[in-house]
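Okay, so here's the structure we're looking at.
This is a predicted model, so every value here is computed, not measured.
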Amino acid sequence: MKADASQMKALYEANGYLTAIHVLGEKEMEQASKEYGKLEQTFGKEYTQYNLHNIHMEHEWVMNLASHPNLLQAITAVLGPNVILLDSRFICKYPSSDVPHKENIAPYVAWHQDIKYWGFEGGPVASVWLAFDDVDAENGVLQIIPGSHKQGVLEHRIAESPGNMLTANQEIPKHLVNAEDAVECPLKAGQMSVHDGLTVHASEPNLSNRRRCGFVIRYVPTAAYPVEDPERPRTFPATVLVAGTDEFQNFQNNAPNFFTKTF
């Protein structure tokens, strides 16, 4: 996707997402994949499929991904010039030959909205999926319902089907999801999609023999602020100002020593 900031903002506001945004060049992608491979070797694939959380605080190469200028150009187009990195996590759906499915149940991600369980107010959240692998319908591509961000926060409940990868095992009840309107967001490695925290989305199991790995990063405008809510018990120990200035100081800037803000 190639568009200027005003076009990206208009599309994002209308549909609740953008996709196929080029971020990493071939050599950058090769180096990032090599570094991720080291983590797989160190921790094992069963661990790395969902447990590499906020490691931008420890690894410079991960922080460089989360602050990549191509990525931040899109994020500032949709959130404005002053942006905080809220949280990050690698999510990998491995083929069953690499990580056998527990009880023969393939992991999937149920229909949900990201913002439902995030304890903050005062602004939107934008969620990035930076693809480490080519993603298509065969290996569990992201599915999004365009315009669903305009519905507000929907009811969520405990998922009915086992295998849901979401931390709270949440899902939106089927009668509230217009699944027939869903669109797929295929990506090439090095591309990203970004969607609003209210956008309804999901992904099917990876039933291929290929890995489906991505770096998920959440961003908020600096006007956002954390709240104490027992239904949204979130802490934010890894927030980093990555773009512009922060006149509000609602979140602590936990920038690691190796990070220099350039955007």
Side-chain angles (χ1 to χ4, degrees), residues 1 3 5-21 23 50 66 71-80 83-91 93 108-131 135-137 140-157 159 164-187 191-204 212 214-221 223-224 231-232 234:
M1 175 182 182
S6 60
Q7 289 175 314
M8 283 194 285
K9 185 173 178 62
L11 282 169
Y12 190 78
E13 289 181 348
N15 297 322
Y17 76 102
L18 301 169
T19 192
I21 299 169
V23 178
Y50 198 72
L71 185 155
L72 291 179
Q73 282 177 0
I75 290 298
T76 54
V78 300
L79 291 182
V83 174
I84 288 170
L85 188 171
L86 189 69
D87 187 269
S88 76
R89 183 186 294 273
F90 282 90
I91 298 179
K93 292 180 184 174
Y108 72 101
V109 175
W111 290 109
H112 70 287
Q113 295 168 305
D114 291 337
I115 207 167
K116 175 67 177 178
Y117 291 94
W118 290 89
F120 69 88
E121 303 286 353
V125 60
S127 296
V128 162
W129 175 280
L130 177 58
V135 187
D136 53 38
V141 69
L142 174 69
Q143 299 179 53
I144 277 178
I145 299 181
S148 56
H149 62 303
K150 299 174 183 178
Q151 296 175 275
V153 179
L154 300 175
E155 174 193 350
H156 288 63
R157 65 185 182 193
N164 186 13
M165 295 181 75
L166 295 174
T167 305
N169 192 26
Q170 72 269 31
E171 71 174 359
I172 299 171
K174 291 178 181 177
H175 69 275
L176 296 178
V177 177
N178 297 319
E180 66 276 5
D181 296 332
V183 297
E184 295 180 347
C185 296
L187 297 171
Q191 291 184 329
M192 79 174 197
S193 63
V194 55
H195 61 265
D196 184 83
L198 287 168
T199 300
V200 176
H201 61 290
S203 63
E204 295 291 333
R212 185 259 201 183
F215 184 35
V216 176
I217 324 158
R218 326 280 189 184
Y219 300 91
V220 293
E231 293 188 359
R232 298 179 293 170
R234 284 277 183 170

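Every residue was checked against the salt bridge (Lys or Arg N to Asp or Glu O under 4.0 Å) condition with Asp181, not counting sequence neighbours, and none meets it. Applying the side-chain hydrogen bond (donor to acceptor under 3.5 Å, both in side chains) criterion to Ser88, with sequence neighbours excluded, gives His56. Applying the salt bridge (Lys or Arg N to Asp or Glu O under 4.0 Å) rule to Asp114 yields the partners Arg218; only residues at least two apart in sequence or on another chain are considered. Applying the salt bridge (Lys or Arg N to Asp or Glu O under 4.0 Å) test to Glu13 and every residue at least two apart in sequence or in another chain returns Lys9. Residues that satisfy the ring pair (Phe, Tyr, Trp, His ring centres under 6.0 Å) test with His149, not counting sequence neighbours, are absent from this structure. Evaluation of the salt bridge (Lys or Arg N to Asp or Glu O under 4.0 Å) rule for Glu171 yields Arg157 as partners, not counting sequence neighbours.
With Lys93 contributing its side chain and Glu204 its backbone, the two residues share a donor-acceptor pair below 3.5 Å. Using a distance-only test at 3.5 Å, with no hydrogens or angles considered, no donor-acceptor pair links the side chain of Tyr12 to the main chain of Ile75. Under the 3.5 Å distance criterion, the side-chain polar atoms of Gln170 are left unmatched by any main-chain donor or acceptor of His112. With hydrogens and angles disregarded, no donor-acceptor distance shorter than 3.5 Å links the side chain of His195 to the backbone of Ser193. At distances below 3.5 Å, at least one donor-acceptor pair connects side-chain atoms of Tyr219 with backbone N or O atoms of Ala66.
In this structure, Leu142 CG and Asp136 CG are separated by 13.0 Å, a value rounded to the nearest 0.5 Å. One finds the OG1 atom of Thr199 at 9.5 Å from the OH atom of Tyr17 (value rounded to the nearest 0.5 Å). To the nearest 0.5 angstrom, Thr19 atom OG1 is 7.5 Å from Gln191 atom CD. In this structure, the separation between OH on Tyr50 and CG on Leu166 is 6.0 Å, given to the nearest 0.5 Å. Rounding to the nearest 0.5 Å places CD1 of Ile217 at 8.0 Å from CZ of Phe90. Between atom CG of residue Leu176 and atom CG of residue Asn178 there is a gap of 9.0 Å, rounded to the nearest 0.5 Å.
Among all heavy-atom pairs drawn from Asn164 and Ala110, the shortest one is OD1-N, 3.2 Å. The minimum heavy-atom distance linking Leu71 with Met192 is given by the pair CG-SD, 3.6 Å. The two residues Ser203 and Arg212 have their closest heavy-atom pair at CB-NH2, 3.7 Å. Residues Ala126 and Val194 approach most closely at CB-CG2, 3.9 Å, considering heavy atoms. Here the shortest heavy-atom pairing between Pro124 and Pro221 reads O-CD, 3.2 Å. When all heavy atoms are compared, the tightest approach of Ala74 to Ile21 is CB-CD1, 4.0 Å.
Contact of the Val153 side chain with the Lys116 side chain is registered, since non-hydrogen atoms from C-beta on lie closer than 4.5 Å.
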For this session: Begin with the C-alpha distance, continue with both residues' side-chain angles, and end with the deciding distance and a verdict on side chain to side chain contact (heavy atoms under 4.5 Å, CB included) for Gln143 and Trp111.
Result: CA-CA 9 Å; Gln143 299 179 53; Trp111 290 109; 4.0 Å; yes

Exercise. Does the pair Val135 and Trp129 meet the rule for a side chain to side chain contact (heavy atoms under 4.5 Å, CB included), with working shown?
Worked result: CA-CA 11 Å; Val135 187; Trp129 175 280; 4.2 Å; yes

